[in-house]
2 protein chains.
Amino acid sequence: MADASSQLTDLRADARHNRERLLDAARELFAERGLDVPMAAVARRAGVGMATLYRRFPTRAALVTEVFTDQLTDCASVVDEALADPDAWRGFRTVVENVCAMHTQDRGFTMAFLSEFPDAYDFTREQERAERGLTALADRAQRAGALRADFHPSDLVLVLMANSGLAAPSQEAKEIASRRLVALLLRSFAATPEAADAPLPPPASVALHDLPGLGSMPELTAAGTTVSGRR
Amino acid sequence: MADASSQLTDLRADARHNRERLLDAARELFAERGLDVPMAAVARRAGVGMATLYRRFPTRAALVTEVFTDQLTDCASVVDEALADPDAWRGFRTVVENVCAMHTQDRGFTMAFLSEFPDAYDFTREQERAERGLTALADRAQRAGALRADFHPSDLVLVLMANSGLAAPSQEAKEIASRRLVALLLRSFAATPEAADAPLPPPASVALHDLPGLGSMPELTAAGTTVSGRR
DNA sequence: CGATAAACGGAGAGACCACTCCACTTGAGG
DNA sequence: CCTCAAGTGGAGTGGTCTCTCCGTTTATCG
């Protein structure tokens, strides 16, 4: 069972190097374009051939897992930090804000975080650890009278999923929207007036039009452009 | 400019019939599986050939537009109804609840609603009409002192996008989650204590695992099953 | 009922993607 | 420096999807 470590150290120097390049490339592309980027794009950005990518990461899930376990453990440590905060509400609030910010900044992370990976055991384990921590955090805030009694742990999942639904033409607009949404939801969770009446971050000023919506849906826009418009 | 109507009535009887079948099929499939269903699936469900589909709706956008303009006008009429309600807050609340419910029940509608269609002029017009109505509704609720002063019209778009991010293994779970999320957000918008302290619908009880997440992302699960697992 | 244009179905061209195979290259121990 | 297994790149295979072309069918009107 020392395979996990030996497999990596037994790798030849160039192979280990390429593996890093692949992970970097995947990290970038997942963040920018989500988990469904073509495998060839990852290989190309890493400057290696397809075979190298597939030899190192036999399935897409393997690559995704490898890329995001780091960030997932970061995520969990954010929770631990928050549990150390003497102010239960501030701890709770910061975690929600931070996790949502992470998800907004990295498109792929959201998708990975909200998914189940049948193969990725340690991924799932970290996921559960994060979940337990979050529940503990909520519990503490509730006992401190800062979090409403009708809050349910699953509401956190709701917040995460809601946050993942946000879309905007620019990354910046997306972050503004996320901050606002999170503040709105936190206000709804707050039990004390001072927390509930904290000022809101600026509105997102996104309209129904000028949304990327189907811009991220190739087929629809492609229908008009690919054939008739391209040439 | 009488083209729009004449084009339809000039259609041969069988063609008009097939056109209806295509719209019905598309409506069903868009609702179930989103806007990105294969065109062939639409044709097959309608019981017609590909050519018929493409002759009637040259682009996917044309089909989408045709399918959803009805529902969009329904949407707008919900707003008009709400404006007729003497209780400004109830009107506001009902609209948000209804629109979100519509979106949760129809996957495609959400995608269409949150998108811009460069070609679909009447679609855009209805979108703007709905937007104006919603703003008026919010204005009235604000003047009545039922809606917080820091509410901004764009927050409605936030609610819609947030709602669209919800995912769950079953349609029912999705609706429960949506109801809860909407209630949470409405609570955050409410200016009066009685509105803010209304009881919440039941929690969604979705965990981080057991989410469809990448289930709707073919590549990831397919990677493990298609080749090695299928046979 | 027969002529004819409108409408039809489905095969197929072209693009894209996941994943594999194999002839060539290169790092590392002797 | 030589050997050779480990490592590599990229062409190739099979599958899916969009959109078109064309030979056949059929509604409609005189």
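- Between the P atom of C:dA13 and the CE atom of B:Met50 lies a distance of 15 Å, rounded to the nearest Å.
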Working note: A:Leu23 + A:Phe57, criterion side-chain contact (heavy atoms from CB on, under 4.5 Å); need CA distance, chi angles, decisive distance, verdict. CA-CA 10 Å; A:Leu23 283 174; A:Phe57 307 98; 3.8 Å; yes

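- Rounded to whole Å, atom P of C:dG27 lies 20 Å from atom CZ of A:Arg19.
- Both A:Val37 and A:Arg55 lie near DNA chain C, and the one whose nearest nucleotide falls closer to the 5' end is A:Val37.
- Atom CZ in B:Arg44 sits about 12 Å away from atom C1' in D:dC17, given to the nearest Å.
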Set out, in order, the CA-CA distance, both residues' side-chain angles and the distance that settles side-chain contact (heavy atoms from CB on, under 4.5 Å) for A:Val67 and A:Phe109, then state yes or no. CA-CA 9 Å; A:Val67 164; A:Phe109 188 37; over 6 Å; no

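- For A:Leu53 and D:dG10, the CG to P distance is 14 Å, given to the nearest whole Å.
- The aromatic rings of A:Phe30 and A:Phe68 lie parallel to each other, their planes meeting at an angle below 30°, with 60° marking the opposite boundary.
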Sugar-phosphate atoms are those with a prime plus P, OP1 and OP2; base atoms are the rest. Using that split, label each nucleotide of nucleotides 24-30 of chain D B, S or - for protein heavy atoms under 4.0 Å, 5' to 3'. --BSS--

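- Two residues, B:Ala51 and B:Ala40, neighbour DNA chain D, and the one matched to the more 5' nucleotide by heavy-atom proximity is B:Ala40.
- Separating the CG atom of A:Leu35 from the P atom of C:dC17 is a distance of 16 Å, rounded to the nearest angstrom.
- The distance between atom CZ of B:Phe57 and atom C1' of D:dT20, rounded to the nearest whole Å, is 18 Å.
- For the atom pair B:Met111 CE and B:Asp106 CG, the distance stands at 11.0 Å (nearest 0.5 Å).
- Of the candidates D:dG9, C:dA18, D:dT18, D:dT18 carries the atom nearest the B:Met39 side chain, counting heavy atoms from C-beta on.
- Of the two residues near DNA chain C, B:Thr52 and A:Tyr54, the one whose nearest nucleotide lies more 5' is B:Thr52.
- Within 4.0 Å of A:Ala15, counting heavy atoms only, lie sugar-phosphate atoms of the nucleic acid but no base atom.
- Contact record, A:Ser188 with B:Leu184: OG-O, 2.7 Å, taken as the closest heavy-atom pair.
- The phosphate of D:dT8 has OP1 or OP2 within less than 4.0 Å of a side-chain N or O from A:Asn18.
- At whole-Å resolution of the value, CG in A:Asp10 and P in C:dG29 are 12 Å apart.
- Side-chain contact of B:Thr110 with B:Ser164: a donor-acceptor pair under 3.5 Å is absent, judged by distance alone.
- Of the inter-residue distances, the one linking A:Arg16 atom CZ with A:Asp10 atom CG reads 9.5 Å to the nearest 0.5 angstrom.
- With distances taken from any side-chain atom of A:Arg56 to the nucleotides C:dC8, D:dG7, C:dA18, the minimum falls on D:dG7.
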